[in-house]
Amino acid sequence: MREIFAGMPWWVKWIAVPVIAIFVFGGLIASVVGFVIGLLFKVLLFVVLVGGLIFVIRKFMSSSSSRGDW
């Protein structure tokens with residue numbers, strides 16, 4: 001493989017081959033990137049919702065325990 005690329009001009013190695021790879025695998029790359037971004041968004045949303053739930057539960061528990069002191 002090296003011998004094949006050794007005889008090629010620089011623009012074939014650094015421009016044409018990457019462009020062809022992106023053309024061939026572009027849909028796959030886009031779907032993988034989209035999946036990863038979607039997964040990160042769902043994880044972030046999960047963390048925010050669980051954190052909010054814990055905050056509300058603690059706020060409710062502390063207000064109900066202070067009422068019991070009366």
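Throughout, residue positions are numbered sequentially from 1 according to the sequence presented. Computed from heavy atoms alone, side chains included, the values below leave out hydrogens, waters and symmetry copies.
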Visitor: With clusters defined by side-chain heavy atoms of hydrophobic residues (ILVMFWY) lying less than 4.5 Å apart, directly or transitively, does Ile29 cluster with Val24?
Guide: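 Val24 clusters together with Ile29.
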Visitor: Please step through side chain to side chain contact (heavy atoms under 4.5 Å, CB included) for the pair Leu49 and Leu45, ending with a clear verdict.
Guide: CA-CA 6 Å; Leu49 289 174; Leu45 184 64; 4.1 Å; yes
Visitor: Check whether Leu53 and Met61 end up in the same hydrophobic cluster, where Ile, Leu, Val, Met, Phe, Trp and Tyr are linked by side-chain heavy atoms less than 4.5 Å apart.
Guide: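 Yes.
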Visitor: Show the nearest heavy-atom pair for residues Lys13 and Met8, with the distance to one decimal.
Guide: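 Minimum heavy-atom separation between Lys13 and Met8: CE-O, 4.0 Å.
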Visitor: When hydrophobic residues are tied together by side-chain contacts of less than 4.5 Å, even through go-betweens, does Phe23 share a cluster with Trp14?
Guide: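 Hydrophobic grouping puts Phe23 apart from Trp14.
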Visitor: Applying the 4.5 Å side-chain criterion to the ILVMFWY set and letting contacts propagate, would Phe25 and Ile37 be lumped into a single cluster?
Guide: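 Phe25 and Ile37: one cluster.
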Visitor: Count I, L, V, M, F, W, Y as connected when their side-chain heavy atoms are under 4.5 Å apart, and connections chain through other members. Are Phe55 and Val50 then in the same cluster?
Guide: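 Shared cluster, no.
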Visitor: How far does CG of Leu40 sit from CG of Leu44, to the nearest 0.5 angstrom?
Guide: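 Separation between the atoms: 8.5 Å.
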